[in-house]
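See structure below.
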Amino acid sequence: MGKKGYVGCFFFTIYGFFILKFGSSEAKMVPALYVFGDSLVDVGNNNYLTLSIAKANHRHYGIDFPTHKPTGRFSNGKNAADFLAEKLGLATSPPYLSLTSTANNASFMDGVSFASAGAGIFDGSDLRYRQSIPLRKQVDYYSIVQEEMTREIGAAAIQKHLSNSIFVVVIGSNDLFGYFESSDLRKKTTPQQYVDSMLLSLKLQLQRLYEDGARKFEIAGVGTLGCCPEFRLKNKTECVVEVNYWSVKYNEGLQWMLIEWQSENRGIIYSYFDTYAAINDLIQTPASYGFSEVKGACCGLGELNARAPCLPLSNLCPNRQDHIFFDQFHPTEAASRIFVNRLFDGPSGYASPINMRQLVAA
């Protein structure tokens with residue numbers, strides 16, 4: 001091979017490494033992405049939880065992922081965490097437990113995902129899944145990471161790094177699912193009391209992140225929970241109005257809490273994403289977004305493919321692009337891509353008081 005051939009091979013090798021490392025050929029917009037939340041953004045932490053039954057480590061999950069293999073994402077392909085990283089010119093933040101359970105040389109400086117399927121704002125909201133990492137524990141893990149990075153590069157340098165990084169928080173759905181599926185909980189507390197308690201608990205964890213250096217936050221509200229295939233199945237294929245009502249009430253409370261929290265702390269900048277509005281748009285006008293199935297899951301069994309979770313023996317729809325929901329609860333890759341586009345560049349109807357692009361620039 002002549003010199004030109006070697007140069008060409010070298011160029012494509014370097015270019016290929018760059019794509020693998022950063023997830024896209026875009027320049028890095030921020031130093032790192034730190035992700036907290038539930039199965040909507042879990043990229044594999046639960047694969048490392050021995051007792052958990054909330055795992056997407058089997059077919060048909062991952063069928064449209066670049067490797068065509070299950071990865072721990074509750075999706076046919078990529079999820080919102082992947083698309084967020086791509087938008088920022090970063091590699092997907094790896095699962096925290098993957099960095100601590102093996103001899104892994106990856107740096108926490110490049111971003112970490114603490115998200116865990118089944119996780120809630122409250123400890124114990126994951127009981128039906130046997131094991132997950134609730135938000136309080138996710139923040140505990142982040143505190144360990146922050147201390148490790150401080151030892152690595154010093155307090156001043158890490159504060160600069162963290163203040164320019166993005167902290168994503170996507171959580172709350174499992175707490176509300178738990179409430180509406182528990183007659184015991186509903187006897188003990190009213191929906192308003194429960195939602196207020198969720199918001200107070202969330203604020204405490206956000207404050208801990210702030211005190212450990214976080215300044216830029218992307219915080220998502222909950223979606224149209226009553227329209228998930230699981231709930232439609234219980235209501236003659238229609239959305240459950242009460243569940244949607246309290247999803248909206250939680251989101252309204254969340255927005256007021258964020259305004260209050262920002263006023264109490266210097267230097268907080270945040271973008272709130274209205275997940276409810278984004279999903280509702282897809283449900284109300286699916287054809288304009290390329291969808292034809294808004295009620296049923298792509299993967300599952302029985303009516304609406306919602307009588308059983310997505311399992312290796314489940315039915316699988318041939319065209320995942322047509323569906324909003326991949327399984328009983330989670331969006332398809334196609335739907336997640338739309339949500340992240342809205343989150344990143346969306347108008348105030350979706351992202352407020354600023355969108356994520358503006359958050360990055362702030």
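Worth knowing before you read on, the calculation uses all heavy atoms, side chains too, and leaves out hydrogens, waters and symmetry mates. Quantities reported herein were computed from a predicted structural model and do not represent experimental measurements.
Comment: R73 engages D82 in a salt bridge, judged by a side-chain N to carboxylate O separation of less than 4.0 angstrom. Taking 4.0 Å as the cut-off between side-chain N and carboxylate O, R307 and E230 do not count as a salt-bridged pair. Here E252 pairs with K249 in a salt bridge; the nearest charged N to carboxylate O distance falls below 4.0 Å. D140 and R136 are joined by a salt bridge, as a carboxylate oxygen and a charged side-chain nitrogen come within less than 4.0 angstrom of each other. Between R186 and E242 there is a salt bridge, since at least one side-chain N of the basic residue sits less than 4.0 Å from a carboxylate O of the acidic one. A salt bridge links E181 with K234: the closest approach of a Lys/Arg side-chain nitrogen to an acidic carboxylate oxygen falls below 4.0 angstrom.
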I would like to know whether H323 and F326 meet ring pair (Phe, Tyr, Trp, His ring centres under 6.0 Å); could you show each step before the answer? CA-CA 7 Å; H323 286 64; F326 183 64; 8.8 Å; no

Could you go through C317 and C299, starting from their C-alpha distance and side-chain angles, then the distance that decides it, and tell me whether this counts as disulfide bond (SG atoms under 2.5 Å apart)? CA-CA 6 Å; C317 67; C299 181; over 6 Å; no

Go through R320 and E293 one step at a time and tell me if the salt bridge (Lys or Arg N to Asp or Glu O under 4.0 Å) criterion holds. CA-CA 10 Å; R320 273 77 69 186; E293 176 54 64; over 6 Å; no

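Between the side chains of H330 and S39, at least one donor N or O lies within less than 3.5 Å of an accepting N or O. When only modelled atom types and interatomic distance are considered, S116 and N46 share a side-chain donor-acceptor pair under 3.5 Å. A donor-acceptor contact closer than 3.5 angstrom is absent between the side chains of Q159 and S163. Between the side chains of D212 and S143, at least one donor N or O lies within less than 3.5 Å of an accepting N or O. Judged purely by distance below 3.5 Å, without hydrogens or angles, the side chains of N265 and Q207 pair a donor atom with an acceptor atom. Counting only N and O atoms by type, the side chains of D196 and Q192 include a donor and acceptor under 3.5 Å apart.
Between F167 and Y142, the distance separating the two ring centers is shorter than 6.0 angstrom. If you look at F339 and F273, their ring centroids are not closer than 6.0 Å. Aromatic rings of F114 and Y34 (six-membered ring for Trp) have centroids beyond the 6.0 Å cut-off, not under it.
N45 contributes a side-chain N or O that, together with a main-chain N or O of A115, makes up a donor-acceptor pair within less than 3.5 Å. Within the 3.5 Å criterion, the main-chain N or O of I121 finds a donor-acceptor partner in the side chain of D175. N305 contributes a side-chain N or O that, together with a main-chain N or O of C298, makes up a donor-acceptor pair within less than 3.5 Å. No donor-acceptor distance shorter than 3.5 angstrom exists from the side chain of R357 to the backbone of D345, with no hydrogens or angles considered. Remark: the backbone N or O of A362 is paired with a side-chain donor or acceptor of K216 at under 3.5 angstrom. For S165 (side chain) and H161 (main-chain N/O), a donor-acceptor pair under 3.5 Å exists by modelled atom type.
The cationic group of R215 lies under 6.0 Å from the six-membered ring centre of Y210 and within 45° of the ring axis, placing it in a cation-pi geometry. With Y350 as the aromatic partner, R342 meets the cation-pi criteria of under 6.0 angstrom to the ring centre and within 45 degrees of the ring axis.
Considering CG of L84 and OG1 of T92, their distance stands at 9.5 Å, rounded to 0.5 Å.
W246 has its side chain within reach of F180: a pair of non-hydrogen atoms, C-beta onward, lies under 4.5 Å apart. In this structure, the side chains of Y250 and L176 come closer than 4.5 Å at one or more pairs of heavy atoms.
Using bins of under 30°, 30° to 60° and over 60° for the plane-to-plane angle, the ring pair F122/Y194 lands in the perpendicular bin.
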